[in-house]
Amino acid sequence: MSSMIFTDCSSSTTPRLLRFRRNPLFHRNHGAVFLRPLISPSSPRCLSLYSSSASPSPSPSATASLATEASAAVIDGKGVAKQIRDEINAEVSKMKDAIGIVPGLAVILVGDRKDSATYVRNKKKACESVGINSFEVRLPEDSTEREVLNSVARFNDDPAVHGILVQLPLPSHMNEQNILNSVSIEKDVDGFHPLNIGRLAMRGRDPLFVPCTPKGCIELLHRYGIPIKGKRAVVIGRSNIVGMPAALLLQREDATISIVHSRTKNPEEITRQADIIISAVGQPNMVRGSWIKPGAVIIDVGINPVEDKKSPRGYRLVGDVCYEEASQIASAITPVPGGVGPMTIAMLLSNTLASSKRIHNFQ
Ligand code: NAP
């Protein structure tokens with residue numbers, strides 16, 4: 001987890017709030033706003049992703065609650081992730097029954113960072129919950145790069161393993177690039193291999209895997225029926241793991257993209273042009289109400305701890321976007337927590353399932 005920054009989304013510095021403009025995608029029903037139904041499983045896009053056996057009726061997870069009259073609809077990442085995990089669980093059982101193969105995910109954890117250990121534990125639990133086998137190698141902080149490379153090589157050769165994940169960050173004495181490049185492209189479920197990113201960037205090429213967090217962002221837009229084609233999208237942040245692949249994905253979906261980063265001169269003005277904002281910065285409440293075009297859709301990837309004396313932990317998590325201001329202006333927004341976070345793990349499971357199907361030629 002990044003270092004704690006004690007900032008809040010103070011209304012004293014709140015710019016004039018713009019009036020909420022209803023988005024035709026949403027309709028009101030007994031005081032709640034419901035998003036358009038999930039893309040039904042008959043949709044080819046959804047089928048190709050999950051070969052879904054999910055119910056064609058809108059799931060309760062697709063509903064969005066309305067806190068106040070002028071609030072944006074809440075994009076319920078937790079609910080959507082749960083639905084995706086149920087779909088994966090069904091697919092895993094189907095494959096096991098048909099060909100006796102169970103997908104396997106291997107995680108390599110180096111060192112004893114508490115946050116990394118928690119992420120790995122959560123991934124393991126998530127695998128168990130959908131019937132995916134998990135494998136784990138823990139190496140001490142002072143391991144050599146060669147030892148990590150050897151672990152990767154063993155998993156590359158292991159037919160029970162269909163996905164390999166090297167938990168980042170690695171200790172500073174290791175060359176992260178060397179290690180990520182050594183993961184077999186066929187098992188690169190994190191999607192960080194340069195060949196997968198390169199294919200993502202090229203027209204007419206398809207990556208074997210798409211990085212999980214940006215994939216989760218786009219999946220949320222799809223499942224809520226939010227159109228991307230022809231829209232103006234702004235991605236704030238350009239990291240290799242979130243911002244850059246998110247921008248590439250939006251471009252593949254025919255949005256027109258601007259990328260805002262730490263050297264961008266007029267981020268507020270650029271962001272205000274967006275129909276869709278994906279923010280992956282790591283700065284609490286950086287995106288204020290005045291940055292947002294009325295009716296925009298906001299996907300907030302940021303996870304930032306801010307001081308909260310009322311919380312037993314002494315802090316709470318907020319996004320990059322000032323939620324209380326944004327929800328008065330946007331048409332839909334992901335909460336933090338409960339938005340993109342749960343989707344990241346769901347996409348990791350989805351990538352692992354897809355890998356095992358591809359390797360065993362199972363449709
Ligand atoms: P990162 O590698 O630190 O990248 C941050 C990006 O934000 C960089 O491109 C940086 O620009 C840009 N940036 C920093 N300050 C800025 C500013 N004031 N204005 C505009 N752009 C600015 O972070 P990351 O790994 O992408 O993660 C970003 C956030 O997402 C973090 O809060 C992280 O915890 C969260 N996250 C969440 C999930 C999830 O599952 N929900 C997954 C991954 C990350 P430069 O390139 O110019 O330095």
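Hydrogens, waters and symmetry mates are skipped; everything else that's a heavy atom, side chains included, is used. Both counts, for ligands and for their atoms, begin at 1 and track the order of listing.
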Restricting to heavy atoms, the pick from Arg238, Arg263, His261 nearest atom 20 (C) of ligand 1 would be His261
Close approach of Ile303 to ligand 1, heavy atoms, under 4.0 angstrom = yes
Given the options Lys215, Met343, Lys123, Leu348 meets side-chain contact (heavy atoms from CB on, under 4.5 Å) only with Lys123
Counting from 1 in the order shown, the ligand 1 atoms closer than 4.0 Å to a non-hydrogen atom of Gly341 are 40 (O), 41 (N)
Establish, yes or no, whether the cationic atom of Arg154 lies under 6.0 Å from the six-membered ring centre of Phe135 and within 45° of the ring axis.
no
The answer for which part of Met343 has a heavy atom under 4.0 Å from ligand 1 is neither
Exercise for the section: Could you walk me through whether Arg223 and Glu219 pass salt bridge (charged side-chain N to carboxylate O under 4.0 Å, His left out), step by step? Expected result: CA-CA 6 Å; Arg223 295 223 172 200; Glu219 189 62 22; 2.8 Å; yes
Are side-chain heavy atoms of Asp188 and Leu208 found at a separation under 4.5 Å?
no
Check your understanding: Does any N/O atom on Asp320 come nearer than 3.5 Å to any N/O atom on ligand 1?
Key -> no
Judged by heavy atoms only, the candidate from Ile345, Leu348, Val281, Val301 nearest atom 23 (O) of ligand 1 is Val281
Here the atoms of ligand 1 under 4.0 Å from any heavy atom belonging to Val242 are 26 (O), 43 (C), 44 (C)
- Query: Short question: side chain of Glu141, backbone of Pro171 - any donor-acceptor pair under 3.5 Å?
  - Reply: no
Closest heavy-atom approach to atom 47 (O) of ligand 1 among Pro169, Ser262, Ser239 is made by Ser262
Check: of Pro337, Pro284, Gly77, Ala280, min heavy-atom distance to atom 28 (C) of ligand 1 comes from Ala280
Near Asn304 (heavy-atom distance under 4.0 Å), the atoms of ligand 1 are 32 (O)
So, 4.0 Å and heavy atoms of Gly243: is ligand 1 close enough to count as a contact?
no
Hey, mind stepping through Arg85 and Glu87 against salt bridge (charged side-chain N to carboxylate O under 4.0 Å, His left out) and telling me if it holds? CA-CA 5 Å; Arg85 281 153 76 141; Glu87 291 166 14; over 6 Å; no
Those residues at least two apart in sequence (or on a different chain) that pass ring pair (Phe, Tyr, Trp, His ring centres under 6.0 Å) with His360 are His162
Check: Is the closest side-chain heavy-atom distance between Leu168 and Leu180 below 4.5 Å?
Finding: yes
Numbered in order shown, the ligand 1 atoms found under 4.0 Å of a heavy atom of Thr344 are 39 (C), 40 (O)
Quick note on ligand 1: atoms under 4.0 Å from a heavy atom of Ile241 include exactly 25 (O)
The answer for which part of Asn240 has a heavy atom under 4.0 Å from ligand 1 is neither
Would Ser290 and Glu268 count as having a side-chain donor-acceptor pair, cut-off 3.5 Å? yes
Given the options Ile278, Asn285, Ile298, Asn304, Asp320 meets side-chain contact (heavy atoms from CB on, under 4.5 Å) only with Asn304
Would you call Pro267 a ligand 1 contact, heavy-atom distance under 4.0 Å?
no
